[in-house]
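Notes follow the structure.
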Amino acid sequence: MYRELQSRLTARMREYLKQQYEVDLPNIGVDQPPQVQMGEYALTFSFELAKKLRKAPRKIAEEIVAGIGPIEGFEKLEVAGAGYINARVDRAVMARDILKSGGSVAASGEKILVEHTSINPNKAAHIGHLRNAILGDTFVRMLRTAGCHVDIQNYIDNTGVQVADVVVGFLYLEKKSKSNVEKLIADPAARGNRPIDFYCWDLYAQVSGWYEQSPENKAKRLKTLHDIEQGDNEAAEIGELISTAVLRRHLETMQRLSIYYDFLPRESEILSLHFWDLAFEQLKKKGVLYLETEGKNKGCWVMKRAGTKATEVVAGEDAGPDEDAKVIVRSNGTVTYVGKDIAYHLWKFGLLGRDFGYRKFFRYSESAVFPQGHDVWISAKTGESEHPHFGGVQAIYNVIDSRQSDPQNNVIEALRLLGYTKQAEHYTHFSYEMVALTPRCAVELGYEVSEEDQQRAYIEVSGRKGFGVKADDLLDALIASAQREVDSRHPELAEDERRGIAEQIAIGALRYFMLKFTKNSVIAFDFKEALSFEGETGPYCQYAVVRGSNIFRKAGLEPEEVLAGDIDFSATAQDDIWELWLTASKLGNTVDQAIATTEPAYVAKYAFQLAQMFNNFYHRHHILTEQDERRKRFLLASAGIARRELVRALSVMGITAPSVM
RNA sequence: GGGCGCGUAGCUCAAUCGGAUAGAGCAUCAGCCUUCUAAGCUGAGGGUUGCAGGUUCGAUUCCUGCCGCGCCUACCA
């Protein structure tokens with residue numbers, strides 16, 4: 001709602017400026033005045049125009065305010081300060097519109113692919129992966145709120161060195177055969193009742209140490225990796241077993257947080273279906289790759305990096321080889337990771353000329369989210385005959401941490417050099433910073449922390465060293481902590497009900513925690529902060545919703561019927577209450593902005609702000625004891641609007657509020 | 001060396017295209033439960049926005065140079 005009035009105001013201003021001063025301002029900046037009593041919108045262009053028009057900003061503002069005449073939906077314009085133009089809306093009219101449409105957002109209809117999670121299937125998910133998955137899932141929810149059609153993909157690197165490392169662990173450290181590993185996966189007792197991904201977590205860390213012991217050990221790694229890539233041998237079969245079992249665990253872990261997927265493309269199919277061969281042909285034909293004949297990259301097919309000036313040498317012949325070029329095909333003929341990624345992204349845009357086979361892999365059972373249940377498909381060499389179609393999308397968002405920005409840029413550059421400039425422009429590396437541990441947290445967890453690391457602000461998580469906090473462990477800790485609170489507050493409730501509430505609170509706390517930081521801020525993880533349910537947290541927002549619900553429950557009314565009823569809006573003149581309405585009208589605006597900047601934190605901040613404002617309102621105005629019936633109705637409507645929009649904002653973040661807290 | 005990012009209150013973080021008095025939470029201190037739930041509310045203290053210049057009516061925001069920190073920069077994947 002907020003957005004519609006804003007565009008009406010700026011459109012009228014632009015028109016008037018053209019007509020009156022013969023200036024065209026395509027982007028008229030709009031702010032909000034510092035206090036709501038000063039108006040809902042603030043325009044600052046008078047300052048900008050001062051020089052051009054040779055008039056004082058305040059004078060310009062005064063002329064415009066005097067001359068422009070009425071604008072629909074607005075009560076009046078005022079000059080403020082040195083030349084601001086503040087616009088006041090007609091509050092009663094706007095309130096009526098908010099009641100109807102609230103923070104609804106415009107529909108778009110584009111087909112978009114979001115790739116997120118993409119955890120190597122060789123160990124348990126940790127807090128860094130949680131940040132990725134929660135950012136990705138929330139971004140998907142934002143896009144869907146905006147009316148986009150989104151496919152969610154989770155890329156599985158099941159033939160990489162990380163999987164090979166765990167296979168080495170099974171084969172050489174634990175001396176296990178394929179059937180031993182099968183038993184380990186099938187029989188919980190065989191792995192000491194630890195989940196298989198936890199088991200692999202420990203094994204993976206051991207293997208890293210074992211490599212250090214001798215060069216022979218290390219040689220096993222390369223051999224195993226090659227075996228896995230080749231296929232048809234025990235190492236490959238163990239790799240397949242383990243990566244599939246661990247992947248299943250990852251899906252279960254993410255499902256606990258209401259994070260879902262549509263398709264799981266795997267590296268094994270990118271290899272076996274020879275995606276690279278097709279990409280290689282295109283890259284050679286268009287001259288994107290060239291065979292280096294000199295220097296350190298002699299014998300490799302390389303590509304120039306984005307931003308480097310390869311054409312700089314026009315006259316000078318003796319420039320030598322571009323040592324900075326990115327190797328795509330090694331001198332032994334094997335393709336690098338970036339090469340495979342280029343092929344994969346050609347497929348995503350429907351530019352490769354080949355498709356995956358598709359097989360059903362995992363099913364989300366019937367629920368509120370999926371009334372008919374939902375299948376997760378996985379890539380296969382030969383798939384099922386009936387399957388949905390993935391790929392061939394208009395835009396891509398890859399949720400990958402900032403450390404991958406270099407390879408990501410290489411892929412984008414390859415698309416551009418291939419002539420797919422439109423696709424390159426619609427390829428977004430949704431980059432975010434890592435989650436690290438504070439030294440204190442590392443010590444708490446029982447890790448040895450060096451003198452040097454003690455002095456740092458944070459220490460990078462390392463799966464290779466087994467250094468980190470597992471996602472399931474964190475979630476369990478959050479649930480346990482929430483459970484204690486719920487048990488003491490609501491002993492009257494049944495046990496499974498209390499458990500359900502504790503889970504909702506834990507998920508709210510975790511998802512909000514991962515979203516409240518802006519993307520390029522490193523999260524220095526600390527249990528104390530992450531386990532907090534007070535202040536700027538998910539439970540704070542959930543609590544505001546519960547309070548809102550309680551009012552209606554005690555009043556014996558449904559929020560919807562109050563909002564649909566007859567309401568006297570004269571009390572919107574009261575600034576503190578009006579501010580609540582105004583904030584409630586801005587969800588659509590916030591989501592738009594969050595999409596445009598790929599910054600989910602805006603939504604988190606918004607939800608907190610709205611919750612805070614509601615809590616404020618809650619204390620200041622006691623609704624059920626209000627004697628004036630008209631005012632009581634209005635206050636109920638105010639609570640209803642705030643609650644409705646807060647519920648929407650939380651649902652964009654994948655958070656639901658429990659019935660009681 | 002080059003690329004990307006960061007530096008804001010004791011701590012953790014916000015601040016829309018450059019906009020009005022730089023805001024939250026935590027922590028500290030002082031208050032508020034006979035009320036629709038205190039996972040809450042009110043108030044107080046706490047700032048030379050790393051440093052030095054520049055652009056501008058206006059700079060936390062843009063530019064330049066320093067200082068400090070992190071990540072990336074392999075024919076590993």
Side-chain angles (χ1 to χ4, degrees), chain A residues 27-35 38 42 44 46-48 50-51 56-57 80-84 86 120 157 159-164 221-222 225 267 292 296-302 305-308 324 327-332 334 336-338 340 401-407 409 431 433-434 436 438 456-458 460 482 485 489 505 509 516-518 520-524 526 528-529 532-537 539-540 542-544 546-555 589-590 593 596-597 599 601-602 605 608-609 612 615-616 618-625 639 660-661:
Chain A
N27 292 307
I28 293 181
V30 182
D31 291 303
Q32 223 188 302
Q35 283 106 34
M38 298 168 79
T44 58
S46 322
F47 297 105
E48 216 176 302
K51 195 167 270 181
Y84 292 96
N86 291 341
N120 281 311
D157 183 2
T159 57
V161 70
Q162 307 218 33
V163 169
R221 177 189 226 185
L222 209 58
L225 179 63
E267 175 139 306
E292 183 59 81
K296 63 169 182 152
N297 294 335
K298 185 174 176 184
C300 299
W301 286 88
V302 302
R305 272 173 209 270
T308 55
D324 192 42
V327 173
I328 303 298
V329 180
R330 302 183 191 101
S331 53
N332 67 7
T334 58
T336 61
Y337 181 78
V338 173
K340 284 180 262 189
D401 75 61
S402 65
R403 288 171 288 195
Q404 299 286 330
S405 64
D406 200 51
N409 285 335
S431 168
E433 274 292 347
M434 62 183 169
T438 60
R456 291 159 167 261
Y458 52 82
E460 195 172 348
E485 280 295 316
R489 285 162 195 251
I505 293 170
K516 75 176 189 178
F517 302 93
T518 49
N520 43 12
S521 153
V522 176
I523 298 181
D526 195 290
K528 186 171 160 288
E529 255 188 275
S532 168
F533 296 152
E534 288 166 18
E536 199 199 334
T537 64
Y540 177 96
Q542 292 171 311
Y543 188 60
V546 170
R547 281 177 144 181
S549 307
N550 284 345
I551 298 172
F552 288 96
R553 194 171 32 107
K554 289 251 169 151
N589 210 46
T590 305
Q593 192 188 331
T597 53
E599 183 52 274
Y602 285 130
K605 295 284 173 191
F608 177 65
Q609 196 196 346
Q612 211 173 21
N615 274 331
N616 221 295
Y618 181 91
H619 277 269
R620 220 186 303 240
H621 306 284
H622 201 273
I623 299 175
L624 297 184
T625 52
V660 292
M661 269 179 88

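Per chain, numbering begins at 1; letters A, B, ... match sequence-line order. All values reported here derive from a predicted model rather than from experimental measurement.
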Quiz item: Which value, in whole Å, describes the distance between the C1' atoms of nucleotides B/U64 and B/G47?
Solution: 26 Å

Quiz item: Among B/G40, B/C13, B/A20, which is the nearest nucleotide to the side chain of A/K605?
Solution: B/C13

Exercise. Considering only atom C1', compute the distance from B/C57 to B/C41 and round it to an integer number of Å.
Key: 41 Å

Exercise. Taking the six-membered ring for Trp and the single ring otherwise, decide whether the centroids of A/F47 and A/Y84 are under 6.0 Å apart.
Key: yes

Using nucleotides 25-33 of chain B, report all nitrogen or oxygen pairs with the protein that are shorter than 3.5 Å.
from, atom 1, to, atom 2, distance (Å)
B/G25, OP1, A/Q612, NE2, 3.3
B/C26, O2', A/K528, NZ, 3.4

Quiz prompt | Under-4.0 Å side-chain N/O to phosphate OP1/OP2 contact, A/R547 with B/G40 | solution = no

Practice problem: Can you tell me, in whole Å, how much space there is between the P of B/U61 and that of B/C6? | Solution: 12 Å

Quiz item: Heavy atoms under 4.0 Å, any strand shown: does A/P34 hit a base, just sugar-phosphate, or nothing?
Solution: base

Self-check item: A/H619 side chain, from C-beta outward: closest of B/C36, B/C41, B/U16
Solution: B/C41

Quiz item: Ring of A/Y618 versus six-membered ring of B/G40: centres under 5.5 Å and planes under 30°?
Solution: no

Self-check item: For A/E536, the option from A/Q612, A/K605, A/K516 that meets side-chain hydrogen bond (donor to acceptor under 3.5 Å, both in side chains)
Solution: A/K605

Quiz item: Paired with B/C69 by Watson-Crick or G-U wobble geometry, both distances under 3.5 Å: which nucleotide is it?
Solution: B/G5

Self-check item: Nearest-nucleotide comparison on RNA chain B, the residue closer to the 5′ end among A/A42 and A/L222
Solution: A/A42

Quiz item: What's the CZ-P distance between A/F552 and B/C36, to the nearest Å?
Solution: 16 Å

Quiz item: Which listed nucleotide (B/C75, B/C36, B/U73) is nearest to the side chain of A/N550?
Solution: B/C36

Practice problem: Determine the interatomic distance between P on B/G46 and the same-named atom on B/C36; round to the nearest Å. | Solution: 39 Å

Quiz item: RNA chain B: A/N520 or A/R221, which has the more 5' nearest nucleotide?
Solution: A/N520

Quiz item: Quick one: which of B/G5, B/U37, B/C75 gets closest to the side chain of A/K554?
Solution: B/U37

Exercise. Look at the side chain of A/H622 and decide which nucleotide, out of B/C36, B/A39, B/A20, has an atom nearest to it.
Key: B/C36

Quiz prompt | Side chain A/S521 and base B/C13 donor-acceptor under 3.5 Å | solution = no

